[in-house]
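Only one structure is covered here, and it is reproduced in the block below.
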Amino acid sequence: MSKLFGFLAVAVLLSAVVAGCGGKLDDSYVQTTLKDAARGDVVSPSFKYSFDTPNMIGSANNVALVREGNIIEFFVGDGLAEKAKQVAGKKFVVHARKYFTPYIHFMVDYIVAGSDTIRVGEVAVQLPNTRPAAQFAAPEEYETVDTGKLSPSLPDLRAIVDTKFKVDGAGISWEQVGDRWSYSLNFKNVRFFIDESNDAMLAVMNAIMNEGKTFAGGVQYTSTPTSLSREYRERLRSGGNVKVGYIIYGGNALLISM
């Protein structure tokens with residue numbers, strides 16, 4: 001009997017290895033659409049689903065945003081952004097588990113493209129708090145600032161130090177400025193570098209760029225570029241750094257902290 005159990009244990013282990021190396025995967029993943037999986041219209045007893053070439057509209061590190069029509073959901077997985085790049089432009093299938101806390105999202109187990117299987121796996125991330133944009137009111141400390149009058153001039157910038165202000169329709173970009181790469185929030189006469197480390201919020205900003213939309217939300221001005229010469233500031237339109245407080249996107253307000 002012990003030999004039988006030993007044989008079964010080895011068989012289970014080998015099947016797991018085969019799955020991780022591109023062999024046959026667990027067939028308990030139910031193929032469906034994002035809408036049906038998110039809303040529970042298609043039942044999977046173990047909440048495992050597979051998605052055919054999902055539209056990843058933005059990603060960063062361990063988080064991606066997937067869109068299907070007006071449905072947008074977070075997908076999470078260890079190194080998901082880089083692993084998804086390996087199948088960019090190809091037909092592929094994502095095998096993921098549906099999670100319910102803090103709200104519905106999907107933890108990616110595998111990405112399969114043809115005979116290639118990329119193991120992704122579970123990872124801890126901090127997803128933003130969300131609420132319907134129609135029910136969200138910016139906290140009182142977020143002021144209305146005439147951003148059209150902002151400039152790289154230090155007197156202008158010192159006037160808004162530590163100020164939290166609302167932004168409606170600013171351009172956002174990822175670019176090299178001087179010796180650094182950064183997300184930039186672009187206004188008429190000045191741009192601010194975005195200080196953000198949360199994967200989910202970075203994925204949202206990538207989605208905004210990739211879909212050709214503009215940034216709406218709230219930011220806090222955190223530092224002036226006092227170490228830069230006036231000529232350098234004006235040439236780069238540099239205004240220093242801002243920290244994101246919240247973003248309005250996809251019909252929701254998303255925030256990590258206020």
Side-chain angles (χ1 to χ4, degrees), residues 1-130 198-200 203-204 206-207 250 252 254:
M1 184 67 71
S2 61
K3 290 183 178 179
L4 174 61
F5 281 129
F7 173 78
L8 290 174
V10 171
V12 170
L13 178 59
L14 286 175
S15 66
V17 171
V18 169
C21 295
K24 180 177 175 58
L25 286 169
D26 181 351
D27 60 4
S28 62
Y29 294 89
V30 178
Q31 186 169 0
T32 187
T33 64
L34 182 62
K35 176 182 177 181
D36 287 345
R39 296 185 177 180
D41 294 338
V42 172
V43 177
S44 167
S46 53
F47 301 106
K48 292 181 176 181
Y49 295 96
S50 66
F51 305 94
D52 186 8
T53 319
N55 180 22
M56 294 188 180
I57 56 175
S59 63
N61 302 315
N62 298 321
V63 178
L65 257 66
V66 173
R67 175 188 285 280
E68 183 182 280
N70 62 352
I71 304 294
I72 302 174
E73 302 290 349
F74 283 109
F75 278 53
V76 174
D78 187 19
L80 178 58
E82 285 301 316
K83 291 170 182 176
K85 287 180 181 179
Q86 298 178 38
V87 297
K90 302 177 182 178
K91 293 283 290 183
F92 64 96
V93 176
V94 168
H95 296 270
R97 287 166 288 142
K98 182 179 178 179
Y99 279 31
F100 295 85
T101 303
Y103 44 77
I104 289 173
H105 64 283
F106 296 89
M107 186 71 68
V108 178
D109 293 323
Y110 303 98
I111 301 174
V112 181
S115 61
D116 296 328
T117 298
I118 303 170
R119 185 179 183 88
V120 182
E122 192 164 339
V123 68
V125 300
Q126 183 185 13
L127 293 178
N129 299 318
T130 67
N198 179 268
D199 288 353
V204 171
N206 271 316
N252 288 303
L254 303 99

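Source: prediction; values computed, not measured. Heavy atoms only: backbone and side chains are in, while hydrogens, waters and symmetry mates are out.
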Thr33/Glu68 under side chain to side chain contact (heavy atoms under 4.5 Å, CB included): CA gap, chis, key distance, verdict
CA-CA 8 Å; Thr33 64; Glu68 183 182 280; 3.5 Å; yes
So His95 and Val108, side chain to side chain contact (heavy atoms under 4.5 Å, CB included) or not? Walk me through it.
CA-CA 6 Å; His95 296 270; Val108 178; over 6 Å; no
Let me see the working for Val66 and Leu34 under side chain to side chain contact (heavy atoms under 4.5 Å, CB included), right down to the final yes or no.
CA-CA 8 Å; Val66 173; Leu34 182 62; 3.8 Å; yes
Let's go through Val120 and Tyr110 carefully: what are the C-alpha distance in whole Å and the side-chain angles of both, what is the deciding distance for side chain to side chain contact (heavy atoms under 4.5 Å, CB included) to 0.1 Å, and is it a yes or a no?
CA-CA 5 Å; Val120 182; Tyr110 303 98; 5.8 Å; no
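Side chain of Lys91 to main chain of Ala113: no donor-acceptor pair is present (N/O by atom type, distance under 3.5 Å, no hydrogens or angles). Under the 3.5 Å distance criterion, the side-chain polar atoms of Ser44 are matched with a main-chain donor or acceptor of Lys48. Proximity of a side-chain donor or acceptor of Asn252 to a complementary backbone N or O of Leu254 within less than 3.5 Å is not detected. Here the side chain of Ser50 pairs no donor or acceptor atom with the backbone of Val94 at under 3.5 angstrom.
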Just list the side-chain donor-acceptor pairs under 3.5 Å for residues 69-81, sequence neighbours left out, or say none.
none

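Taking CG of Asp41 as the start and CG of Asp36 as the end, the distance is 5.0 Å to the nearest 0.5 Å. In this structure, the separation between CD1 on Ile111 and NZ on Lys85 is 12.5 Å, given to the nearest 0.5 Å. Atom CG of Asn198 sits about 10.5 Å away from atom CG of Asn62, to the nearest 0.5 Å. Phe51 contributes atom CZ, which lies 11.0 Å from atom OH of Tyr29 (distance to the nearest 0.5 angstrom).
In terms of heavy atoms, Tyr49 sits closest to Val42 at OH-O, 2.7 Å. The heavy-atom pair separating Asn206 from Ser59 by the smallest distance is ND2-O, 2.8 Å. For Met107 against Gly121, the heavy-atom pair with the smallest separation is SD-O, 4.4 Å. Considering every non-hydrogen atom in both Ala207 and Leu65, the closest pair reads CB-CD2, 4.2 Å.
Sequence neighbours left out, the pairs with a member in residues 97-106 that pass side-chain hydrogen bond (donor to acceptor under 3.5 Å, both in side chains) are Arg97-Tyr99, Arg97-Asp109, Tyr99-Glu122.
Asn55 pairs by the side chain to side chain donor-acceptor pair (under 3.5 Å) definition with nothing, not counting sequence neighbours.
A 4.5 Å side-chain heavy-atom check between Ile118 and Gln86 finds at least one atom pair inside the cut-off.
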